[in-house]
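Accompanying notes for the structure given below.
Just so you know, residue 1 is the first one in the sequence shown, and it goes up from there. Every number for a ligand or one of its atoms is a count from 1 in the order of the listing.
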Amino acid sequence: MVTYNPFNPNSTVTPTLFAGRSDQTLQIISKLAQVKRGMSSNFIFHGERGIGKTALARSILHIAESKNQRSENLNFLTSYYSVEKGQHFRTVLQAVLNQLTDKLPKPSIERLTDRLGDLFKRGKFSFGAFGMNVAVDSGQMGFPLDEDNIEQHFKDQVVSVLTNILLGLKEVEKQKKYDGLLIVLDEIHNAKDIQGIAQLIRSITTTLDMNDLGNISFIIIGYSEAIQSFFEGDPSARRSFDSISLTGMPHEEAKEVLTKGFDEARIGYDKKILDEKVKLAGGYPHSLQVLGHNLIEVDTDNYIGVDDWGEAIGEAARELQDKEFLNLYNFKGKQKLREEILNILAWAMVPVPKSILAKEFPSNIHSKSCLPELKKSGAVKEDPETGNLSLHSSLFRSAIFFHTVNKSSFIKNEKWWEICQRITKRLKPDEIEG
Ligand SMILES: Nc1ncnc2c1ncn2[C@@H]1O[C@H](COP(=O)(O)OP(=O)(O)O)[C@@H](O)[C@H]1O
Ligand SMILES: [Mg+2]
């Protein structure tokens with residue numbers, strides 16, 4: 001049936017369909033209220049692909065511009081930029097500042113033109129010292145520039161640009177006054193020189209803070225693996241970023257992702273079945289979108305009932321298994337030891353200590369074809385500190401959920417299911433963390 005389908009796993013939800021993440025949103029909004037009063041604050045969003053980092057940022061941007069009474073009346077001038085692979089951070093900042101100028105009120109533009117000379121020509125910034133321009137710059141400054149000087153010089157230029165933008169914002173007539181700047185930099189793991197970024201941002205915002213121009217906030221977004229390198233070289237930078245670690249959504253928030261979409265499409269649904277089936281997505285927003293999309297597609301009577309779920313899960317499973325996981329799991333043939341172990345790791349929902357798993361499969365688990373192979377293929381990751389095993393991604397987990405649920409209506413008769421139950425019972429809550 002042709003209905004409007006509000007679910008789309010390949011694009012970022014609009015603010016109206018954004019669901020949950022209420023703790024994180026509250027935390028960030030209350031910090032932005034402080035930024036509004038002049039205390040700068042920075043954030044780093046991290047988590048795996050598809051966990052909802054960009055979606056959260058989009059929602060925050062919306063709130064930060066909304067002048068909504070219920071969320072601190074925020075009225076920030078904002079900018080969103082997604083870093084390209086191999087891009088140098090200086091070109092990122094230059095692009096962001098240029099993006100901002102398109103939105104700047106007149107007093108800011110006039111200030112920039114008056115004060116910045118060659119740096120701001122015909123309404124565009126062009127920072128020297130991008131390598132090519134070094135000769136010119138060192139000539140102007142009267143001494144040769146080495147890498148450190150270039151870095152310093154660049155920082156000074158950015159500070160002076162931001163100073164003039166922020167002072168300009170303060171001169172705007174009262175009704176149109178902005179609270180400050182909110183700058184989102186997405187996919188930071190793509191940056192070529194990721195190591196120096198935290199330090200640079202910290203030093204820029206601290207300098208502005210000292211000059212009573214702390215109305216600025218950066219939100220940096222990246223994969224968790226990249227966070228280490230992001231902070232490298234400046235341990236104290238960690239303290240000037242609030243870390244927002246995104247993981248699977250809690251049950252009620254996950255349900256909200258689907259119900260908001262159903263309501264938007266004006267489609268009814270069986271609440272009890274939703275409550276049960278939504279667990280298959282493991283709280284992973286990308287999988288929730290895949291499920292929601294398929295549910296709307298298979299529905300014929302404007303009501304999502306048990307049959308729709310059966311069909312949609314089948315479709316979702318096919319979608320997720322097709323390419324990405326072809327070599328990690330046999331979705332077609334008979335389930336062998338590898339699949340049984342992966343099923344257990346998926347359904348256990350928490351990292352499983354290697355020792356507990358080894359007790360269940362005493363002879364074969366350490367054989368070359370088993371655990372070492374699972375780790376090598378990337379299907380399973382082992383926490384080097386605890387020895388706990390987990391699946392490599394939430395997307396993979398959802399694919400296994402959809403597959404195992406769909407394959408057999410008697411999942412509870414499977415041998416691996418029994419083992420899984422035993423294992424999860426043994427995992428006391430304090431062992432579960434990790
Ligand atoms: N809070 C949410 N409510 C509804 N949909 C969400 C939410 N968070 C993420 N999504 C959806 O899940 C998918 C993946 O989210 P995305 O923000 O692109 O993840 P990431 O940036 O972490 O890779 C997108 O389709 C997005 O719209
Ligand atoms: Mg993203």
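With a cut-off of 2.8 Å, the Mg ion (ligand 2) has an N, O or S atom of Thr54 in range.
For Leu112 against Val161, the heavy-atom pair with the smallest separation is CD2-O, 3.9 Å. Pro285 and Gly50 make their closest contact through CD-O, 3.7 Å (heavy atoms, listed as atom of the first residue, atom of the second, distance). Across all their heavy atoms, Ala281 and Leu288 have their closest contact at CB-CD2, 3.6 Å.
The environment of Lys67 atom NZ is sparse: at most 12 non-hydrogen atoms of other residues, nucleotides or ligands sit within 6.0 angstrom. More than 12 heavy atoms of other residues, nucleotides or ligands lie within 6.0 Å of NZ in Lys177, so this atom counts as buried by the packing criterion. Remark: Gln421 CD is packed, more than 12 non-hydrogen atoms of other residues, nucleotides or ligands lying under 6.0 Å away. For Lys121, the NZ atom sits in a loose shell: 12 or fewer heavy atoms of surrounding residues, nucleotides or ligands are nearer than 6.0 Å.
At the top of the distance list for atom 8 (N) of ligand 1, counting protein heavy atoms only, stands Ala55 CB, 3.4 Å. At the shortest separation from atom 5 (N) of ligand 1 among protein heavy atoms lies Gln289 NE2, 3.0 Å. From the protein, the heavy atom lying nearest to atom 18 (O) of ligand 1 is Thr54 CB, 4.3 Å. In this structure, atom 25 (O) of ligand 1 lies nearest to the protein heavy atom Ser11 O, 2.8 Å. With hydrogens left out, the protein atom closest to atom 13 (C) of ligand 1 is His286 CA, 3.9 Å, a heavy atom. In terms of protein heavy-atom proximity, atom 14 (C) of ligand 1 is closest to Gly50 O, 3.6 Å. With hydrogens left out, the protein atom closest to atom 16 (P) of ligand 1 is Gly52 CA, 3.8 Å, a heavy atom. At the shortest separation from atom 10 (N) of ligand 1 among protein heavy atoms lies Pro285 CB, 3.6 Å.
At a 4.0 Å heavy-atom cut-off, ligand 1 does not touch Leu56 at all. The residue Ser59 has no part lying near ligand 1, judged by heavy-atom distances below 4.0 Å. Neither the backbone nor the side chain of Leu246 comes within 4.0 Å of ligand 1, counting heavy atoms alone.
By the 30° and 60° cut-offs, the orientation of the rings of Tyr329 relative to Phe396 is perpendicular. Between Phe401 and Trp347, the ring planes are tilted. Angles from 30° to 60° get that label. Between Phe262 and Tyr269, the ring planes lie tilted relative to each other; the angle falls in the 30° to 60° range.
For ligand 1, one of its N or O atoms has an N or O atom of Ala19 under 3.5 Å away. Ligand 1 has a nitrogen or oxygen under 3.5 angstrom from a nitrogen or oxygen of Pro9. Residue-to-ligand polar distances keep Arg49 apart from ligand 1: every N/O pair is separated by 3.5 Å or more. For ligand 1, the polar-atom distance check finds no N/O of Arg21 at less than 3.5 Å from any of the ligand's N/O atoms. Residue Val13 has at least one N or O atom closer than 3.5 Å to an N or O atom of ligand 1.
A salt bridge does not link Lys36 to Glu72: none of the charged side-chain nitrogens sits closer than 4.0 Å to a carboxylate oxygen. Ion pairing between Glu340 and Lys336 fails under the 4.0 Å rule for side-chain N and carboxylate O.
Near Ile51, meaning under 4.0 Å from one of its heavy atoms, ligand 1 places the atoms 19 (O), 22 (O). Interface atoms of ligand 1 facing Thr12, defined by a heavy-atom separation under 4.0 Å, are 27 (O). Listed by number with element, the atoms of ligand 1 under 4.0 angstrom from any heavy atom of Phe18 are 1 (N), 2 (C), 3 (N). In the vicinity of Leu17, heavy-atom distances shorter than 4.0 Å reach the ligand 1 atoms 4 (C). When each atom of ligand 1 is checked for a heavy atom of Glu48 under 4.0 Å away, the hits are 22 (O). Each of the atoms 25 (O) of ligand 1 lies under 4.0 Å from some heavy atom of Asn8.
The closest approach between Met249 and ligand 1 falls below 4.0 Å for a heavy atom of the residue.
Checked against the 6.0 Å centroid threshold, Phe241 and Phe230 count as a close aromatic pair.
The side-chain hydrogen bond (donor to acceptor under 3.5 Å, both in side chains) test with Asn343 is passed by exactly one of His403, Arg338, Glu414, Gln335: Gln335.
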